[in-house]
Colleague: 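I am attaching a structure below and will ask some questions about it afterwards.
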Amino acid sequence: MGGDAIRLYVEDLEGYCEQLEKAYEDVKKGLDNACNKLEGLYLCIDVLTDKESKKDKEYWKKKVNEDVH
């Protein structure tokens with residue numbers, strides 16, 4: 001390989017590296033976004049299925065009804 005061919009090869013490799021870095025950042029942002037949404041969904045499911053929360057609601061409903069009457 002001549003000097004010009006090596007220089008062009010290195011420039012091509014640098015271009016590919018830049019593309020890979022951008023693609024990596026895009027994937028990383030997408031994964032972070034997906035993880036945040038999954039965490040929010042997990043919290044919603046946890047709240048909706050939390051038996052202690054249901055017991056607390058029933059307790060306070062009874063307590064309020066007792067105080068009102």
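Numbers here are sequence positions counted from 1. Bear in mind the structure is a predicted one, so any value in this text is a computation, not a measurement.
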Colleague: Is the closest basic N to carboxylate O distance between Glu11 and Arg7 below 4.0 Å?
Modeller: yes
Colleague: To the nearest 0.5 angstrom, please state how far the CD1 atom of Ile6 sits from the CG atom of Leu13.
Modeller: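 Ile6 atom CD1 to Leu13 atom CG measures 11.5 Å (nearest 0.5 Å).
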Colleague: Let me confirm one number: the CG-CD distance from Leu43 to Glu39, rounded to the nearest 0.5 Å.
Modeller: 7.5 Å
Colleague: Got a salt bridge between Asp32 and Lys28, using NZ or NE/NH1/NH2 to carboxylate O under 4.0 Å?
Modeller: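 Between Lys28 and Asp32 there is no salt bridge, as every charged N stays at least 4.0 Å from the carboxylate O atoms.
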Colleague: Just how far is it from atom CG of Asn36 to atom CG of Leu41, taken to the nearest 0.5 Å?
Modeller: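 Between atom CG of Asn36 and atom CG of Leu41 there are 12.5 Å.
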